[in-house]
Amino acid sequence: MTTTRDQRTDTRSAETPARSPRADRVERYDPVATEPRWQAKWAEVGLHHTDLHDKTRPKFYLLTMYPYPSGDLHIGHWYIVTPTDAFGRFRRMHGDNVFLPIGFDAFGLPAENAAITSGVHPREWTMRNIETMRRQFRSMGATFDWDAEVVTSEPEYYRWNQWFFLKFLEAGLAYRAMAPVDWCPKDQVVLAREQVEGPNRVCWRCGTPVIKRDLEQWFFRLTKYADELLAFDGIDWPEPIRLMQTNWIGRSEGAEIVFTVAPDDHQPGGDEVRVFTTRPDTLFGATFMVLAPEHPLVARLTAPDRKAAVDSYVYQTRRETEIERLSTEREKTGVPIGADAINPVNGERVPIWIADYVLASYGTGAIMAVPAHDERDFEFARKFGLPIRRVVAAPGTPDDAPMDDAYAAHTEGEILVNSGRFSGTSADEGGRKIVEWLASQDKARPTVTYRVRDWLISRQRPWGTPIPVIYCDRDGIVPVPEEQLPVLLPDDFVYGAKGENPLLNHPEFLNVTCPRCGEPARRETDTMDTFVDSSWYWYRYLSPHTNDAPIDKPLVERWCPVDQCTGGAEHAVMHLLYSRFFTKAMRDIGLIHEDEPFRRLFNQGQILGSDGERMSKSRGNVQDPDALVGRYGADTIRLFLMFMGPWDQGGPWSPTGIGGVFRFLNRVWTLALDPHGQEPGDPASGQLPEGEDESSARRAIRATAHRTLKVVSGDYTGFRFNTMVAHLMELANTLFRYRGTVVAGDPEWDEAIRLMLLMLAPAAPHITEELWSRRLAEAGEDWSSIHSEEWPMVDETAAAADTREVPVQVNGKLRDRVVVPAGIGEIELEQVILARDRIHAALGGREPDRVIHASGGRLVNIVVR
RNA sequence: GCCGAAGUGGCGGAAUGGCAGACGCGGCGGACUUAAAAUCCGCUGCCCGUAAGGGCGUCAGGGUUCGAGUCCCUGCUUCGGCACCA
């Protein structure tokens, strides 16, 4: 770890007692000693335990996405959790019954990788990590309700994944299919489409480029909800996330059109090739047709003399990596298969080609190629000398104008040309009419296609939820009967050399009898994607140990949906999409009534390493909070992370400035315990700020405190934690100006201190609790937690100012400021302003043209010519 | 290429169309100290000026407005998402 100079100096401040003659008078702020004491006290009195059955207060379900138990909490975890905790405490002070649970996303590959290198069983590794992280979470002072904890690798959790699987199977929401799937060669596992990232198509976890494999796998029917997932009714989610999901789902409206294969010497014709297009208006411009190399009709339609070329092209395509195949930079390739199709609108024979730019997995795996109006088709036609025929023209363009580029965009007033009886109609209307006309002959129908695929949930790894299915030679695929759940993961699987799933080499697990016929059968060894675990865990938090159902319906009814969820934007199209799917699926199997899991969502940013890269052990840029906590205490770290900048922004970690926050807490400590202090270096001697007397000072103190209360309340509510801290610092700075003066310790002062502590309590829970308890003790009252106090009310009268300063501009340039009574009228104000020397000078003898009083009298602008 | 977010002092950042740079870091100066640290107080966007004061200034260029960091248009840069999706 790098140690900067300011860190070293601060170290001394924290560890070395002040060497002043009166060091004994006021006790030093010593967070490292006091914080654990309060954490223990809170646990003892059950401060964080939520009574889920309490009906006297409004419920508030606050969820922070649960972590993967990677071993150590790093500063990023603090960044994620701390503001959420502060917000929860803030809501609690408003009288809400806040439920803030935590758990662990405990299945997954890192545990396996650790197992392979160190020989420790994934369960042991995971549980050890969880133990560490529990301790670290407690050191943050987070108000998690540990009674609600969920650990997904425990049978009492994952058996319900299996239960859901069976229900989904019954409901037709789960199915098994052979498909070309994405395979990560490093992790030896298939991935869902969402888990393949970036232009290089790499594994989301390890960054290895994926390859395609044809495998029979289990899917959840996500596409069933495609349209519903596009609606974000009644939920308050950040626009960027909604956009990402919308784009991911990729709904596109168009038409499916049937091309019939023409008879020739080699085949009788009559096969139908369906294409999907969003541009039926360009149908007359279709001069050829392209099938994906994997298209099922390819083999059948290929002419004998083309067979060698076609086979070789198909073979080549399959060998290519996804990167090569999908690169847009690459020149188009393809071969004709020696058969023609008939364009249904004009009876023209168009040649059929295969080319890898047509994807088998989208639409129908075949396209009509309209080179005049599609860039890709244009490029292809150019390269292979295929005809290009314009069928849409912008107003004024001749029908036969030569084309240098595809004309794919839409222009106002464009019309169809070269399109038989549709020529002359607008492109829009023409397209509709062409589809109608073809539809009447059963040659077309309006269709919606989606980019999103069903969710591939099979994983060839042992550390996950076993998929509860048995394969029997006689009965085929047999679901494990519900009463036989859970299918337990064995504790003793061992990793072999080749990276294959060890469950395959575990006879006791593998060999079973068929639940139907009793004959020997084979158990499914694939496990579920860990995103299945994270798709419903917040329902389980409400009753983590219920053993006759996945959820406690009445509690879910009362507590769901989650009122506020906080988590990273990196989950936009994975976790957050799957979670929405799961909620809808759970609704459709009759388990719950909600349509959406999270009413409000906030995406916090990500803390990066000081090198600007994502924090990870392999990069060696992970920041260990334990050391920082040992030096400054949890409150300073909490506050510093909130103070860094807007929470949704994140950024590279830098401890520079942490000393400033520590200093602030020390000032709070001093203000609360030593209002009169005259230690060496403290302000000279009881001098009120210039121009103030005792009563104006008292008013000023109250005004500042109540104004701060107003803005700080808004900051918490709006998740503006950085300005919340700044405003509290301002309050402390103001109070410091009155420290040691006659008004220090007065009731007004005391009220300000009280408000300051209450406002700071959610963010810095330990120091405020400590100072609060001392206040109570001093007043001879029994202890009660500051975190059970009510959020204070703003005294608007106190907050109001009796004078205000009005900036004065001349032609938009600031020339003067005048201090006037708060209630002054515009006419009077103008008189005051025009009498000012500086304004006279700025006007230079000219008469004001207009005088503008900005909204609420905040500024005056004098306009002269 | 398409979609989205963002560009403000040396740094992190603040600013319902109304005083740009709050708050903090760093820097400079002062008090305290034998001294240093800590603490407290003050100054700290850039340029000219001893000063009073003036000029410039929120990625660049246009525009709307009495007034633009904020709204509109064009472009540049960075980050995130998607990427031959018909």
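Heavy atoms only: backbone and side chains are in, while hydrogens, waters and symmetry mates are out.
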**Student:** When you measure from the side chain of A:Leu243, which nucleotide among B:C82, B:G4, B:G54 comes out closest?
**Tutor:**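 Shortest atom-to-atom distance from the side chain points to B:G4.
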
**Student:** Touch check for A:Arg667, heavy atoms < 4.0 angstrom, all strands: base, sugar-phosphate only, or nothing?
**Tutor:**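 Sugar-phosphate only.
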
**Student:** B:C25, B:G24, B:C82: which one has an atom nearest the side-chain heavy atoms of A:Met729?
**Tutor:** B:G24

**Student:** Have a look at A:Asp849 and say if it touches a base, only the backbone sugar-phosphate, or nothing, with a 4.0 Å heavy-atom cut-off.
**Tutor:** nothing

**Student:** Taking the side chain of A:Phe643 as heavy atoms from C-beta outward, which of B:G12, B:C3, B:C66 is closest to it?
**Tutor:**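 Selected nucleotide: B:G12.
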
**Student:** Counting any heavy atom closer than 4.0 Å, what does A:Glu570 reach on the DNA or RNA strands: base, sugar-phosphate only, or nothing?
**Tutor:** nothing

**Student:** Please say whether the positively charged group of A:Arg580, taken as NZ for Lys or CZ for Arg, lies over the ring of A:Phe232, i.e. under 6.0 angstrom from the six-membered ring centre and within 45 degrees of the axis.
**Tutor:**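 Yes, A:Arg580 lies over the aromatic ring of A:Phe232.
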
**Student:** Look through every strand shown and name the nucleotide pairing with B:A15 as Watson-Crick or G-U wobble, where both distances are under 3.5 Å.
**Tutor:** none

**Student:** With heavy atoms under 4.0 Å as the rule, sort A:Asn733 into base, sugar-phosphate or nothing.
**Tutor:** sugar-phosphate

**Student:** Who does B:U33 pair with, Watson-Crick or G-U, both distances under 3.5 Å?
**Tutor:**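 Its partner: none found.
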
**Student:** Consider the side chain of A:Tyr362, meaning its heavy atoms from C-beta on, and name the nucleotide among B:G67, B:C56, B:A86 that approaches it most closely.
**Tutor:**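 Nearest to the side-chain atoms of A:Tyr362, counting from C-beta on, is B:A86.
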
**Student:** To the nearest 0.5 Å, what is the distance between CG (A:Leu297) and CG (A:Leu291)?
**Tutor:**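 The CG atom of A:Leu297 sits 7.0 Å away from the CG atom of A:Leu291.
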
**Student:** Kindly indicate, with the supporting measurements, whether the criterion side-chain hydrogen bond (donor to acceptor under 3.5 Å, both in side chains) is fulfilled by A:Tyr738 and A:Thr704.
**Tutor:** CA-CA 12 Å; A:Tyr738 296 98; A:Thr704 311; over 6 Å; no

**Student:** Both distances under 3.5 Å, Watson-Crick or G-U wobble: report the partner of B:G80, or none.
**Tutor:**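 Per the H-bond distance test, B:C3.
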
**Student:** Of the options B:G67, B:A15, B:A83, whose atoms approach the side-chain atoms of A:Asn861 most closely?
**Tutor:** B:G67

**Student:** Need one value for A:Arg838: base, sugar-phosphate or nothing, where a base atom within 4.0 Å counts as base even if backbone is also close, heavy atoms only.
**Tutor:** sugar-phosphate

**Student:** Which nucleotide wins on minimum distance to the side chain of A:Ile852, given the candidates B:G18, B:G13, B:A15?
**Tutor:** B:G18

